[in-house]
Amino acid sequence: MGLMLAFAVPAVVHPATARADNPIVQTIYTADPAPLVYDGRVYLYTGHDEDSSTTYTMKEWRVWSSDDMVNWTDHGSPLDLSSFSWASNNAWAGQTVYRNGKFYWYVPMTDKSTGRMAIGVAVSDSPTGPFHDALGHPLVENGQIDPTVFIDDDGQAYLYWGNPDLWYVKLNADMTSYSGSPSKIQLTTAGFGTRTGDANRPTLFEEGPWVYKRNGLYYIVFAAKCCSEFIAYSTAPGPTGPWTYRGTVMPTQGGSFTNHPGITDFKGNSYFFYHNGALPGGSGYTRSVAVEKFSYNSDGTIPTINMTSTGAPQVGTLNPYTRQEAETIAWESGVETEPSSEGGMDVGFIENGDYIKVKGVAFGSGASSFTARVASTVGGGTVELHLGSASGTTVGRCSVPNTGDWQTWTSVSCPVSGATGTQDLYLKFTGGSGYLLNMNWWQFTAASTATAHAR
Ligand code: FUB
């Protein structure tokens, strides 16, 4: 579902200078964001709402990453329902944590032997997978959902999950087994706020817990009330309470009746991830993940955060003189991604007028040429390089030949002139009708200093 420009009408009018970069993924519908910072990058684990879903049609989980919070690389789906022999459907909200060289992804899905929701755990040596079922059976199964894992400073890990209750259990150091029995956290109105109108659920806690610790204070951020949900939070002096309700993080808004929190610090800033229905065709079942930067108040409380279509500011710039994946995207129109025969993902299903925006590209004193790794069965498509907008200054044009197959790759190069400073780069695809080309990666070559001076 590449975003079709014809439908890209924002619900809110923004200043002409503001460019929409939220939701951060436009190629597919995504939900239930869970960030993990590892080795200088933020990895984002999400669910995937299938196109035209009218209930929770979710079969796989997806991974994205960024080192600047605006250009996001698509790592595809290294985990899906078929990874768990015991699961049938409902690939719902999970979280990945890192421990001792391994990545553990906790996910809820339906246990086909009981028909109830259960929590599984998958493991990988890499944040982008491949992940495999660590156990061959559920880690816990009590019909409840939305696992979050927190590792305290003393090394004790806790798994929390639940809807309608809030459960926790102490995980062992292997992260795939636990000690003792799952316990319920008492849902009191002092701890989780007061819900009116539902005698069975007197507190605001609904689902989607996200637990972490900051400056010695424990936080649980969660989807509150139903439906529509808002995001609320509570704090405690310890990992299991006693909790004190602290109020709203994100009010109800955004066109999806669910929301889901994920919080992380990255490069000195704090970020709040959530989902909404902001893309064309968006709804409570066709959701999209988005991000906002925020600052804690001096007393550690979280300010009210509202959804925006501009998203978080870029942290740093993107280097065009190293290989960049075509599927590293700030915003796009019309394209989709797919697994590439050369590994990773490529961008495909490209038609005349589609484009990819890459934000904050640091050309410095100038580029002299552009190389793209492309494939096509038709030939004749052109990759146009524009600055500032899809119709901005053209600094290069590369023609794409027929390579014989959509996954038979060749590198094409073309001269570049006028690309200097830090710019938003638009890779715009033009040509005839139908699919034109696929792109796996691209890279600019810097003009030599001598050449730059000679000009
Ligand atoms: O995405 C499916 C479910 O919707 C999640 O598990 C809940 O948190 C809600 O977002």
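In what follows, every heavy atom counts, from backbone to side chain, and hydrogens, waters and symmetry copies are set aside. Bear in mind the structure is a predicted one, so any value in this text is a computation, not a measurement. Start at 1 and go down the list; that is how both ligands and their atoms are numbered.
- Looking only at side-chain heavy atoms (C-beta outward), W441 and E327 stay at 4.5 Å or farther from each other.
- Y212 and Y219 have their aromatic ring centers within a separation under 6.0 angstrom.
- Sorted by first then second residue, the ring pair (Phe, Tyr, Trp, His ring centres under 6.0 Å) pairs that include residues 127-152, not counting sequence neighbours, are W105-F131, F150-Y218.
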Short N or O contacts of ligand 1 with protein, under 3.5 Å, listed by atom name?
from, atom 1, to, atom 2, distance (Å)
ligand 1, 1 (O), D32, OD2, 2.5
ligand 1, 1 (O), R287, NH1, 3.2
ligand 1, 1 (O), R287, NH2, 2.9
ligand 1, 4 (O), R287, NH1, 3.3
ligand 1, 6 (O), A93, N, 3.3
ligand 1, 6 (O), D146, OD1, 2.5
ligand 1, 8 (O), D146, OD2, 2.6
ligand 1, 8 (O), H260, ND1, 3.1
ligand 1, 10 (O), D32, OD1, 2.8
ligand 1, 10 (O), R287, NH1, 3.3

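- Residues W61 and Y45 keep their aromatic ring centres 6.0 Å or farther apart.
- Under a 3.5 Å cut-off, the side chain of D354 and the backbone N or O of F429 do not form any donor-acceptor pair.
- Aromatic pair Y233/Y245: ring centres not closer than 6.0 Å.
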